[in-house]
Structures are given as structure tokens and as C-alpha cells.
Amino acid sequence: MSSSLDQRTAPAPEGSRPTPLPRRTRAYALPEVRWALAALGLFLLALPPYLLGGPAWLWGALFAGAYATGGWEPGWEGLKALRERTLDVDLLMVVAALGAAAIGQVLDGALLIVIFATSGALEAVATARTADSVRGLLDLAPATATRLLADGAEETVDAGLLAVGDTVLVRPGERIGADGEVVGGASEVDQATITGEPLPVAKETGDEVFAGTVNGTGALRVRVGREPSDSVIARIVRMVEEASRTKAPTQLFIEKVEQRYSVSMVLATLAVFAVPLAFGDDLTSALLRAMTFMIVASPCAVVLSTMPPLLSAIANAGRHGVLAKSAVVMERLGQVDAVALDKTGTLTEGTPRLTDVRPLPGTGLDADALLRLAASAEHPSEHPLARAVVDAARERGLALAPADAFAATPGRGVTATVEGRRIELGSPARLLPDTHHARVHPHSDTRPAHLEAHHARVHPHPDTHAAHPEADHARVHPENDPAPLVRELEEAGSTAVAVLRDGEPVGVLGVADRLRPDAAATVAALTRLTGRAPVLLTGDNERAARRVAGRVGITDVRAGLLPEEKVAAVRAWEAEGRRVLVVGDGVNDAPALAAAHCGVAMGRAGSDLALETADAVVVRDELAAVPAVVALSRAAHRLVVQNLVIAGAFIAVLVAWDLFGTLPLPLGVAGHEGSTVLVGLNGLRLLRSTAWPRPARG
């Protein structure tokens with residue numbers, strides 16, 4: 001990557017606000033794209049007069065323009081490579097195109113030029129977009145931070161200048177400027193960019209926080225624990241860059257093959273020209289034989305053997321909501337033999353939704369009445385759980401009542417007055433009386449501490465239990481005991497939200513990140529395709545991860561992982577010889593997407609970095625499309641093999657005929673063009689709608 005990735009902003013004059021760097025490079029800004037478009041346009045303009053017998057000066061000038069605009073850059077690079085005593089296939093293609101034009105095959109040569117110019121443009125766009133997305137990731141970390149001085153004063157400093165031991169103030173709604181430890185205050189922090197957790201996490205003194213995560217409604221004082229250059233966000237950037245570079249050995253292998261092929265072609269053409277000439281053949285005959293050899297040995301059919309099947313597969317996948325970013329990606333998808341799936345946003349929808357409304361008997365409330373009360377109280381809140389409750393009420397067409405005296409304390413719960421009644425919502429562990437809490441968790445003396453913390457964090461709303469001591473003495477009648485409902489919802493994987501009216505429990509709501517309906521079928525399909533069950537890699541907690549994994553048929557679960565730990569897992573599998581497909585959606589998945597043999601991002605909720613880093617994007621957010629596109633890639637590979645056999649057979653026969661007999665030039669051209677058309681049509685079979693594998697269904 002260029003050094004510009006190490007800067008969040010461009011230099012700015014003293015006292016002025018820094019000017020953000022461009023978030024996205026426009027394709028037209030790249031010279032490779034402009035030259036390729038010019039070559040393609042001139043080629044298309046030349047076709048009608050050429051095919052319809054128009055004046056030669058017209059189509060000749062247009063084809064010459066296509067040669068110049070599309071071929072000058074690879075030709076120049078090839079000449080520079082020659083100066084360094086290397087010979088690449090791009091230069092060979094330019095020479096072959098010029099040779100074809102020299103003997104009247106202008107169309108063949110122009111087509112070669114356009115193909116290679118377009119390929120170079122696509123590569124330039126992919127490189128620029130990756131650089132843009134990495135630079136955009138750096139923007140997650142704020143440019144400035146509020147540092148607290150020893151005398152209690154505040155100063156605004158560049159976040160990059162923070163040192164270990166500094167204390168910073170993070171106000172509500174701000175992004176945290178550095179990795180560190182909370183030393184004062186309480187709030188909820190949205191750290192989905194780092195861990196993938198779908199809900200904000202309550203933070204209080206002693207908890208760790210990460211740079212780039214978003215503070216909630218409380219204020220935090222954070223002691224810096226890492227240098228900005230060593231923050232989790234900065235490490236993600238480095239890992240994306242390093243993982244991208246790990247694909248270079250494949251490119252080196254291709255370059256070696258190209259070098260050997262190029263040298264062999266040049267030597268063979270010279271030999272075909274020189275040997276007959278040395279044995280007394282006349283110059284015209286020797287030159288004609290050499291040019292015929294160059295035409296019939298031209299790799300046009302070989303190039304078309306690979307591209308039409310892969311491009312057809314890309315087009316077919318695109319019609320079904322999967323964007324593969326290149327032909328190389330489409331080929332890699334079919335090579336995978338192991339799959340790693342993220343949880344939140346991949347196996348699940350990534351958005352909390354109301355799953356249960358359970359009014360208590362004897363309260364006079366039915367499900368709609370309970371939901372209306374809860375949604376009315378939650379309506380002023382911006383918490384994701386509150387949004388889930390309000391959205392569910394609106395979907396049912398319930399009219400919400402005004403909420404007065406609304407109060408929300410981070411990490412506790414919400415309280416509001418609705419129609420003259422005091423309504424409280426929050427975690428059962430916080431809101432319900434101690435006597436009820438003992439009944440909800442009859443073995444509370446042996447309950448692990450981390451589960452207690454989990455209850456405090458799943459619903460960071462005010463502690464109305466503490467604020468209203470009358471709740472401590474509230475009697476919970478056995479028939480109105482919410483304990484069984486709370487246990488049932490939590491065991492089913494939902495977050496239980498207690499609802500109190502005037503201090504008395506009246507019901508329990510269940511909120512959960514819903515599993516995608518096709519998740520289990522997708523896991524089964526991927527297992528059949530690769531021969532082994534997928535692995536779950538997630539930053540979420542172990543309990544939630546295993547619950548989801550059990551429902552979809554995954555047994556290998558790696559939970560609580562930071563981005564670098566996901567990368568380490570992928571690299572360990574790659575070291576064992578596996579070709580890993582990673583499917584994810586968040587910033588925290590981007591390094592693993594880049595490190596994997598192939599990465600697929602879920603498009604609807606995917607972060608910018610994940611979408612740009614991934615090799616393919618599921619645009620319609622249908623998880624079942626992942627095994628379908630893998631199967632399509634394997635079908636494309638089979639067609640590529642068929643085409644290579646056909647192209648190789650034609651080239652071998654025509655070359656042998658030219659070397660050991662007298663191959664007429666028109667027949668050589670006909671054979672060459674015939675093989676090209678044949679493999680092209682064979683590859684286009686994947687454009688049919690029936691070629692798309694039927695996706696897994698739930």
C-alpha cells in the first residue's frame with residue numbers, strides 16, 4: 001500500500017480543520033480505465049464498417065486508434081521489461097497483434113489489445129478501491145481526543161499524539177480515541193466494529209475499550225493502554241495490507257509461466273522463419289510460414305478458454321445477487337475446501353428483533369397491551385433493544401401513548417410515565433426484587449460471575465431497582481412470578497426484558513438477533529461441497545455462539561475472537577494446505593476476509609471495508625447464495641478444462657501442419673478463428689438461468 005494509508009487526513013494549515021482524504025477513487029480517474037474505454041470504443045466503432053465492407057481508410061484508422069490506445073501501455077511496460085532482460089506475455093500479445101495486422105488479420109489483433117487493456121483496467125480499479133477502503137477504516141478512529149490534565153483541565157489533542165498513561169474524556173456519542181481501560185464513569189459502547197457483538201456493551205471502571213468504537217449516552221474517562229499505532233484498529237489495517245500481500249506468490253508463479261511461454265513463442269517464431277530460409281527457402285515463403293505460425297500458435301483460443309466460462313459465471317451470479325469482483329475470484333471460489341463463518345450479520349440477521357411478548361396472568365394485559373406500554377416507554381430511547389420493541393409495536397399497528405418523565409441511565413434501564421402509570425423496563429437481574437431474583441436463579445450462590453456481568457450488559461438501561469427501593473419490598477404472587485418466563489426466554493437464546501408497572505412486574509419481553517431462515521441449509525450445503533463442516537469464528541461470547549452453532553449444525557466454535565485471532569485461525573488452516581472461504585460482514589472480519597483463499601461479504605449490513613476487502617459480495621444478503629456460487633464456480637472450472645483441451649488440440653494440429661506441411665494461411669486463420677468461436681460458445685453456456693445451482697433452502 002502507498003504511504004498515504006498511514007495518514008488519516010491531508011496536511012492543513014495551523015488552526016484549520018484537517019481536510020479528509022478522498023473516501024473513494026473514481027474509476028474514471030485511473031488512466032488505465034480511460035485508455036481501456038478508449039480502445040473499446042474505437043474497436044466497437046470499427047466493427048460495422050469492417051464487417052459491412054466499408055472504406056478501408058475508415059475502419060483502418062479506427063482499428064489503428066484501438067491498437068494505440070489499448071496497446072501503448074503494455075507495450076511500453078514490455079519494452080522496459082526487455083531492458084531488464086525479461087520478457088512478459090503482454091509484450092508478446094502486442095507483437096502478435098501487430099503481426100496479425102501485418103498479414104491482414106486486423107480484427108484478431110484489435111480484439112487481443114482490447115482484452116488485455118480491459119484486464120489491466122479492472123486490476124487498477126480493484127487496487128485503488130482496496131486502498132480507499134483501508135484509508136476509510138483509519139477514519140473510524142477520531143482525529144482528536146480530549147485529554148485530561150493533572151490539574152483537572154481539558155485539552156484537545158491529536159489522537160495520534162496520545163501516550164500510554166494519558167487519561168482521556170469520552171463524551172456521549174463520541175468515538176473512543178485510543179485502546180485503554182475505563183477509570184471513571186459508566187456507559188454502553190457499540191463495539192461491533194471490533195468484536196461483532198450486535199448490541200452495545202456496558203462499560204464501567206476496569207473494563208477495556210477500543211479505539212474507533214462508539215460511546216453511548218454516558219461519559220467515560222479512559223486511561224490509554226496502547227500507543228495509537230498499536231491499537232486494534234491500526235493492527236486491522238496492517239493485517240489487511242499484509243494478508244493482501246500474501247497472495248503475491250500466486251502472481252509470481254503466473255509471471256514465471258508467462259516468461260517461459262513468451263520466450264518459447266519468440267524463439268519458435270524466429271526458428272520457423274530462419275530455418276527454412278537457411279535451407280534455401282525464399283524470403284516471402286519463409287515470412288508467410290512464420291506469420292502463419294504466429295497466428296495459429298496465438299493464445300487467443302487459450303485466453304477465451306478461460307474467460308468466457310468465468311465471465312459467464314460472474315454474469316449469472318450477478319443476476320442472482322452475488323458480485324464476484326474478477327475472474328480470478330470466480331475461479332478461487334470453486335477451489336475452497338474449508339469454510340469459516342461469522343455469526344452476527346452472517347448466520348444471523350445482525351439486528352435485534354422482538355421475538356416474544358409474555359404478559360403475566362392477573363395483570364389485565366394481553367400481548368398487545370403489554371407491548372404498547374413497553375413501546376411507549378421505550379420510544380424516546382435510541383438503544384437497539386428499545387428500537388426493536390418500538391418497531392414491533394409499529395408493525396402490529398399499535399398507537400403509542402406519550403411518555404413523560406423519561407429517564408435513561410447507561411447500563412441500567414429506562415423509566416417513563418405512560419398514561420399516569422410508572423413503567424420500567426430493563427434486565428430482570430436489575431429490575432426485579434431480590435426475592436424474585438433468587439427464584440429466577442435458584443442456584444445463584446454457584447452462578448458464575450461472568451453470567452452476572454452478562455445480565456448487566458445485555459440491556460444497558462437504568463437501574464430503577466436501585467432508584468426505587470419500594471421495588472425491593474414488592475410482593476410477587478406465585479401466579480405472577482416472571483421467573484419461569486425469564487428462564488424460558490434466556491434458555492431459548494433471547495435477551496429477557498422485564499416490564500414493571502408501578503413497581504410490579506407485569507410481563508417479560510424477549511429480544512434476539514434472529515437466525516437467518518436459510519442458515520442451517522447453507523451449512524449443510526457447504527458441508528457437502530467441501531467435505532467438512534464449516535467453522536464458526538466470532539467475536540461474540542461463547543454462550544451465544546454455541547447456541548447459534550447448535551441450531552445450524554456447526555460443532556467447531558471459536559468465540560470471543562479479536563480480528564487478529566480470526567486471521568491466526570485462517571492462516572493456521574492455510575498452513576495445513578486448506579483453501580479457506582471466509583464469510584463475514586464487519587470491519588472485524590476484514591483481515592480474515594483478506595487472509596483467506598477467498599472472502600465473501602454479506603452486502604446489506606456489510607461494512608465498507610468488508611465489502612471492499614472481500615473477493616465477492618452477496619448483494620441480496622441471501623446466505624444460501626454462498627454454496628450456490630461455489631457450485632457455479634466448479635461448473636465454470638469444468639468448462640475451462642474442456643475449453644483448454646479443445647484449444648490445445650486445435651493449436652497442436654495447426655502448428656504441426658504448418659511445421660511439417662504447407663498450411664494455407666486462410667485455412668490457418670479459419671482453424672484459429674474456428675477454435676476461438678467454439679471455446680467461446682462453450683463458455684457462454686453458463687449464461688443460461690438453469691446453470692445457476694439451486695440454492696439451499698431452509
Side-chain angles (χ1 to χ4, degrees), residues 140-195 197-228 231-233 378 380-386 406-416 424-427 429-431 449-450 452-468 495 539 541 562:
L140 288 176
T144 61
T146 303
R147 182 163 58 190
L148 299 178
L149 303 179
D151 59 1
E154 301 176 5
E155 64 174 351
T156 301
V157 299
D158 189 324
L161 300 179
L162 293 174
V164 175
D166 285 349
T167 301
V168 296
L169 174 65
V170 186
R171 293 185 171 87
E174 291 183 345
R175 289 189 180 273
I176 297 173
D179 290 3
E181 179 183 339
V182 177
V183 294
S187 185
E188 71 278 358
V189 175
D190 180 358
Q191 53 187 33
T193 54
I194 302 298
T195 66
E197 291 174 288
L199 301 177
V201 177
K203 297 292 184 181
E204 52 192 24
T205 301
D207 289 335
E208 183 180 18
V209 292
F210 304 106
T213 55
V214 182
N215 187 24
T217 56
L220 295 174
R221 294 194 303 278
V222 177
R223 182 187 297 118
V224 178
R226 297 189 186 96
E227 296 288 346
S231 68
V232 173
I233 286 289
E378 292 272 31
S381 175
E382 295 182 354
H383 193 277
L385 288 180
F406 175 82
T409 303
R412 306 295 184 179
V414 298
T415 304
E424 305 166 60
L425 291 95
S427 169
R430 296 283 183 172
L431 287 186
H450 77 276
E452 199 68 53
H454 170 71
H455 271 286
R457 296 183 182 193
V458 290
H459 193 82
H461 281 175
D463 189 355
T464 51
H465 166 63
H468 302 282
T495 296
N541 64 79
L562 289 175

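Because only heavy atoms are used, hydrogens play no part in the values below, and waters and symmetry mates are left out as well, while side chains stay in. Here the structure is a predicted model, which means the values were calculated and not measured.
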Student: Would you indicate whether the side-chain heavy atoms of D207 and V189 approach each other to under 4.5 Å?
Tutor: no
Student: Nearest 0.5 Å, please: how far is CZ in R223 from OG1 in T167?
Tutor: 6.0 Å
Student: Could you tell me which non-hydrogen atom of A386 sits nearest to which non-hydrogen atom of E378, and how far apart they are?
Tutor: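 Distance-wise, the nearest heavy atoms are CB-OE1, 3.2 Å.
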Student: For the residue pair E181 and G206, what are the closest heavy atoms and their distance?
Tutor: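 It is OE2-CA, 3.5 Å.
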Student: A159 and G177: which non-hydrogen atoms are nearest, and at how many Å?
Tutor: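 Taking every non-hydrogen atom into account, CB-O, 4.1 Å.
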Student: Do L148 and E154 come within less than 4.5 Å of each other through their side chains, counting heavy atoms only?
Tutor: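 The answer is yes, as the side chains (C-beta and beyond) meet within the 4.5 Å cut-off.
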Student: Going from CG on L220 to CD on E204, what distance comes out if it is rounded to the nearest 0.5 angstrom?
Tutor: 10.5 Å
Student: Might you point out which heavy atoms bring P228 and L162 nearest each other, and give the distance in Å?
Tutor: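 Residues P228 and L162, closest heavy atoms: CD-O, 3.3 Å.
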Student: Donor-acceptor check, side chain of D179 to backbone of R226, threshold 3.5 angstrom: yes or no?
Tutor: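 No, the answer is negative, given that no donor and acceptor are paired below the 3.5 Å cut-off.
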Student: Identify the heavy atoms of S187 and T217 that sit nearest to each other, and give their distance.
Tutor: OG-N, 3.6 Å
Student: Can you tell if the side chain of V168 reaches within under 4.5 Å of the side chain of T146, non-hydrogen atoms only?
Tutor: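 No, their side chains stay 4.5 Å or more apart.
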Student: Grab the two heavy atoms, one from D190 and one from T213, that are nearest each other, plus how far apart they are.
Tutor: O-CB, 3.5 Å
